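Presented below is the structure to which this report refers.
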Amino acid sequence: MNAKSVTLYVLLALAAFGSWYLARQEAGEEESRRPLDPLHRGFYLVDARILGTAPTGELLYEIEAEHAEQVDDDSIDFTNVRLDYSPETDVPWSVVADSATIRGDERRVLLSGDVRAVSPASESQPETEIRTEYLELDPDNFVAETEQRVQIRIGERSLTATGMLASLDEDRLELKSNVSGKFLP
């Protein structure tokens with residue numbers, strides 16, 4: 001090999017290294033200018049526990065879920081959900097469901113899949129259970145509502161209906177249509 005060939009190889013190697021180096025720097029700048037991918041902005045929790053408070057700061061309710069994940073539209077999706085009211089609220093209801101969603105800034109909890117709301121028996125009242133496939137719960141105002149088929153059991157008595165509005169803090173229940181029931185003496 002002569003000096004001219006060696007010089008040519010060295011120049012080619014320097015040119016290759018220089019182009020690789022510049023391409024690498026430009027790719028880094030391009031990555032830093034890209035906006036965040038919205039699929040990676042949210043959070044994911046395992047064994048989540050969320051506390052709902054009154055404007056005064058006192059605890060109203062607690063939501064526990066096996067998983068909680070923020071999705072694209074700033075909603076939070078939950079799986080295997082349980083909502084319990086604080087003992088200070090004097091609302092003895094517990095609500096469980098396969099899944100739930102809280103959308104954006106709304107405070108309503110949209111429960112779906114084997115939804116069960118239970119008020120335990122007391123000295124004056126037997127256990128009350130509400131079952132449905134979908135329930136919208138406003139936990140701050142203690143209101144539960146559905147347009148779906150609902151089954152209500154109060155002790156040994158049972159009712160079915162289509163649609164329901166319940167005021168959990170007043171133990172008041174309004175059935176909307178197609179009401180039928182079974183009452184034994």
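All residue numbers in this chain count up from 1 along the given sequence. Quantities reported herein were computed from a predicted structural model and do not represent experimental measurements.
A centroid separation of 6.0 Å or more is found between the aromatic rings of F78 and H67.
Taking CD from E106 and CG from D138, the interatomic distance works out to 10.0 Å, rounded to the nearest 0.5 Å. Of the inter-residue distances, the one linking D171 atom CG with W93 atom CH2 reads 6.5 Å to the nearest 0.5 angstrom.
Using a 30° and 60° split on the angle between ring planes, Y61 and Y85 fall in the perpendicular class, above 60°.
Side-chain contact of E88 with S86: a donor-acceptor pair under 3.5 Å is present, judged by distance alone.
Follow the hydrophobic side-chain contacts under 4.5 Å out from L60 and you reach V95 in the same cluster.
The pair R82-E64 fails the salt-bridge criterion, with no side-chain N (NZ, NE, NH1 or NH2) lying under 4.0 Å from an Asp/Glu carboxylate O. Salt bridge K176/E145: present, at least one basic N to carboxylate O contact under 4.0 Å.
In this structure, R157 and P126 approach most closely via the heavy-atom pair NH2-CG, 4.4 Å. Shortest non-hydrogen contact noted between A97 and S112 is CB-O, 3.8 Å.
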Would you be so kind as to tabulate the donor-acceptor pairs closer than 3.5 Å made by side chains of residues 159-169, with sequence neighbours excluded?
{"unit_1": "T160", "atom_1": "OG1", "unit_2": "S180", "atom_2": "OG", "d": "2.9"}
{"unit_1": "T162", "atom_1": "OG1", "unit_2": "N178", "atom_2": "ND2", "d": "3.3"}
{"unit_1": "S167", "atom_1": "OG", "unit_2": "D169", "atom_2": "OD1", "d": "2.9"}

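Among residue pairs with one or both ends in residues 44-57, those qualifying as salt bridge (Lys or Arg N to Asp or Glu O under 4.0 Å) are R49-E62; sequence neighbours excluded.
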